[in-house]
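These notes are about the structure you will find just below.
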Amino acid sequence: MGNRDLIGGFVRLHVLHLASSGPIFGIGIIERLALHGYVLSPGTLYPILHGLERDGFLRSRGEVVARKGAVSTRSRRRARRP
């Protein structure tokens, strides 16, 4: 496993943690991750979000303010618990 894969895994875990607290939005995720030393562009983050959604970890929903939010899916939250 390369360093890039490891960092990508940390980013995915952090995104899922943020989503478990409530709806999250792309720019908000980028800002929150920056507080922890991650530097991501939208071109890096959105493919990660789409992959998490495709794999059933996130669910997106359109918002009235023309933003897409993502929330952690209930079934995957249960799967993460020991």
Side-chain angles (χ1 to χ4, degrees):
M1 175 188 314
N3 193 34
R4 185 176 179 171
D5 293 332
L6 185 62
I7 298 298
F10 286 142
V11 169
R12 284 173 179 78
L13 285 174
H14 210 120
V15 167
L16 291 173
H17 172 71
L18 292 172
S20 70
S21 301
I24 54 174
F25 301 92
I27 193 67
I29 296 169
I30 291 170
E31 290 170 352
R32 292 287 300 271
L33 291 175
L35 295 174
H36 297 279
Y38 298 103
V39 179
L40 295 175
S41 70
T44 301
L45 177 65
Y46 285 103
I48 291 171
L49 293 176
H50 292 148
L52 289 171
E53 182 178 18
R54 181 192 61 237
D55 294 340
F57 289 101
L58 294 177
R59 182 182 68 241
S60 66
R61 60 182 192 191
E63 293 290 323
V64 176
V65 292
R67 296 189 298 185
K68 249 180 126 171
V71 294
S72 178
T73 59
R74 188 170 288 157
S75 64
R76 294 296 183 164
R77 279 191 297 248
R78 274 190 249 120
R80 288 194 319 255
R81 293 188 182 140

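Basis for what follows: all heavy atoms, side chains included, without hydrogens, waters or symmetry-related copies. The chain is numbered in sequence order, starting from 1.
Interatomic distance, Arg12 CZ to Asp5 CG, rounded to the nearest 0.5 Å: 8.5 Å. For the atom pair CD1 of Ile48 and CG of Leu40, the computed distance is 6.0 Å after rounding to the nearest 0.5 Å.
In this structure, the side chains of Val11 and Thr44 stay at 4.5 Å or more apart for every pair of heavy atoms.
For the pair Glu53 and Arg59, the tightest heavy-atom approach, listed with the atom from each and the gap, is OE2-C, 4.4 Å. The two residues Pro42 and Pro47 make their nearest non-hydrogen contact at O-CD, 4.0 Å.
Screening Ile30, Leu45, Leu33 against Tyr38 for a side-chain contact (heavy atoms from CB on, under 4.5 Å) leaves a single residue, Leu33.
Classified by interplanar angle (parallel below 30°, tilted 30° to 60°, perpendicular above 60°), the ring pair His50/Tyr46 is tilted.
Leu16 and Leu6 fall within a single hydrophobic cluster, where Ile, Leu, Val, Met, Phe, Trp and Tyr are joined by side-chain heavy atoms under 4.5 Å apart, directly or via other members.
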